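Remember, it's a predicted structure, so these values are computed and weren't measured experimentally.
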Amino acid sequence: MPSASDPRPAIHVEDLSVTYRTSVERRPTLRSMIVRAGRRERYVHEIEAVKDVSFEVPRGSVLGVVGANGAGKSTLVRSIAGILPPTAGRVEVNGRVSTLLALGVGFNRRLTGRENVVLGGLAAGWSREELAAKYDDIVRFAELKKFMDLPMRMYSSGMYGRLAFSVAVNMDPDILLIDEALSVGDARFKRKSFRRMRKLCEADATVVLVSHALQSIKDLCDQVIWMHEGELRMWDEPDAVIEAYTEFLEVGEDAVTMEDV
Amino acid sequence: MSTEAPQRHRLEDEFTSEHHVYEPHKVGLPPIGSYVRELWRRREFAVELARTNLRSQHFNTVFGQLWLVINPILLAGVYFVLVDILRSGSRGDEFFAHLMAGLFAYYFVQQSLQQGVRSVVSGGRLILNTAFPRALLPISAVVAAFMRFVPTFLIYIPVHLITGLPIGPELLWLIPIMLILVVFTSGMTMLVAAGQVYFRDIKNFLPYATRIWLYATPILYYAREVPDRYDWMLSVNPLAPIITSWSAVIDKGSTPPLDDMLLACAWALGVFVVAAVFFVSREREFAVRL
Ligand SMILES: Nc1ncnc2c1ncn2[C@@H]1O[C@H](COP(=O)(O)OP(=O)(O)OP(=O)(O)O)[C@@H](O)[C@H]1O
Ligand SMILES: [Mg+2]
C-alpha cells in the first residue's frame, strides 16, 4: 500500500498516443497474404484513438473523463491499466490497479456468474483463499445471490454492471478505473456505489470514472478531463469542464444530459 | 513512429507491483524472471479455465464423459480395421495396442492445438480488460487436452494387459516421454495461438494439417516398416522421434532408443523456446489487434 505521504501522483500520463492496428474490410488471413505476396499493399488500418495526451491524477482524488462516443476514453483507460501499450509517450502508475472497463469486463456470457468471478479473480492474480474470502462480499454487494449459478447471458445489463462493479471495488484497489459501468444500475444501486467509491477515496484510493452521466461526474469528481477525437480538449474543475462540454454539445445543462438516460 | 522507439523498461514487474511504467515497444521480451513468476502465481487460472471450458462442453455429465472415452476408442477401432484391410488381415492384437496408445498420445497434441488456436482470439474480453501473462491462455488449452488424455490412457491399460504386452519398470519411461510431448505441444500451441491473431484462417487449415501430420507419424504403422524412400518424412517430423520412443516402450517394454530420445528432447526444447519467445514478445500487441 503506498503511504499517504508518497508525493508521487497516482497516475501520470505524458504525451500518450495509442494507435489501433486492425484490418477493417478483411480479416488478416494467410491465404490473402499468399495471394498478394510480392505486392506491397497492406490492408492494415490505423486508428489514432488517443493523441498526445498529458495529465496527472493526485492520490485520493476522482478524475472524471467525458467526451463523445469514439473520443478515445476507453482507450485511454485501458492504457492506464497497462492493457494497451502506448504507441508513444509514457504512463506511470503508482498503486494496485483494479479495472472495471466497459460493461461486461472480462466476462464470458456462456459461463455462470460464479465462474466469471472466479476466472476473473484468478486472472487478476488473486489466490483461491483470497477469492473465497471475498466471494461472499462480492455477491452481497451486487445483491445477486440467486443468479450466481446461472449463465451470464441470462443477466440483465444492470445485473451485469452490478456484478462487474462489485468485483472491482472488492479488490481493495489503490486505483479504480471505471468505464461506464454505473449508468446501467438502478438509482438505489447507483447511490450505494457512490458511497462505496467515496469510502475508497477516503482510504486514499484514486478513481478514474468514465461516464456520459454528467451529473454523476459533477457529484463525484475532483477534476475532469474532456476528450475530443483523441485529444485532450480540457482539464479542469468539474463545473468548468461540464459547462464547456455541454455548450459544445449545444444542448445546455438540461435534464437529459445531466441525468443518466 | 520511429523504429528505434525507446525500449520499454519497467522498474518492477508488470502485473502486480505497485509502480508501473508503460512505454512504447513493438516487440521485446519482458523481464523473464517476473514473467515466469507471475505465470506460476496464476497457474490456478489455467487449470480453472481448462476445467470451465470442459464443463461448458458438457464433459461434466455422465454421457459427456462417456463420449470422451468412447470417441477415441471408436476411432482407434476404425483405423485398426482400415489398416488391417489394407494389410490383408495380417495385423494382430499387439498392433491394435500400438495404434491405440499412439493415437491417444496424438489426440493430446491435436486437442491442444485445436483448443489453443482459438484461445487468444476468443479471450477478447478478458484480454481487453485484465492485465495478465497471456501465455496462460494457450497453456490452459494444453491443460484441458491433458485432462481429456488421462481417462483415455486409463482405458488403454486393460487393452495392454489383455494383449499380453510386456509389463515392467521400463514402462516408467512413458512419464518422461509424456513430459517431452507436453513441452513440445505447449510450444506448438503457443505458436498457433499467436499466429491466429495475425492470420485468422490458421484455425481453418489446422484440421487438415493435423490429419496429414497423423499420417506422417508412425502410429498407423510401425516406424520400422517405413520404406527407405519415405525416411525423410520421419526425419523432418518432430513428432516421429517422440512417438517412436513412446511406441518402443509400449510395444516392446524396452528402453527407448537413445538417439530418438535425444532428438525428441532437442525438438521439444527448440520448438518451446522459439514459440515462447515469439508469443511473449508479441503478447502486449494482441490487445490492439483483436
Ligand atoms: N479494438 C479496437 N480496434 C480498433 N479500433 C478501435 C478499437 N476500440 C476502439 N477503437 C477506435 O478507437 C477510437 C476510440 O474508441 P474508444 O472506445 O476509446 O472511445 P470511447 O471514448 O470509449 O467511446 P464511447 O463513449 O462510445 O465508449 C474509435 O475511433 C474506435 O473506432
Ligand atoms: Mg468507451
Under 4.5 Å from any heavy atom of chain B - which part of [X]:
{"X": "Ser17(A)", "value": "neither"}
{"X": "Ser79(A)", "value": "backbone"}
{"X": "Leu119(A)", "value": "both"}

Could you check whether atom [atom1] of [X] has more than 12 heavy atoms from other residues, nucleotides or ligands sitting under 6.0 Å from it?
{"X": "Phe63(B)", "atom1": "CZ", "value": "no"}
{"X": "Arg110(A)", "atom1": "CZ", "value": "no"}
{"X": "Arg196(A)", "atom1": "CZ", "value": "yes"}

Can you tell me how far the [atom1] atom of [X] sits from the [atom2] atom of [Y], to the nearest 0.5 Å?
{"X": "Leu131(A)", "Y": "Glu48(B)", "atom1": "CG", "atom2": "CD", "value": "9.0 Å"}
{"X": "Glu115(A)", "Y": "Asn53(B)", "atom1": "CD", "atom2": "CG", "value": "9.5 Å"}
{"X": "Asn116(A)", "Y": "Thr52(B)", "atom1": "CG", "atom2": "OG1", "value": "9.0 Å"}

_Which residues share a side-chain hydrogen bond (donor to acceptor under 3.5 Å, both in side chains) with Arg43(B), sequence neighbours left out_ = none
Minimum heavy-atom distance [X]-[Y], with the two atoms named:
{"X": "Ala131(B)", "Y": "Ala81(A)", "result": "CB-O, 4.1 Å"}
{"X": "Arg41(B)", "Y": "Gly125(A)", "result": "NH1-O, 3.1 Å"}
{"X": "Ala124(A)", "Y": "Arg42(B)", "result": "O-NH2, 3.3 Å"}

*Can you tell which part of Ile202(B) gets under 4.5 Å to a heavy atom of chain A, answering side chain, backbone, both or neither?*
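Side chain only.
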_Side chain, backbone, both or neither of Phe205(B) within contact of chain A (heavy atoms, under 4.5 Å)_ = side chain
_Close side-chain approach of Thr130(B) and Ile83(A), heavy atoms under 4.5 Å_ = no
*Ignoring hydrogens and angles, tell me if any N or O in the side chain of Arg284(B) forms a donor-acceptor pair with the backbone of Pro85(A) under 3.5 Å.*
no
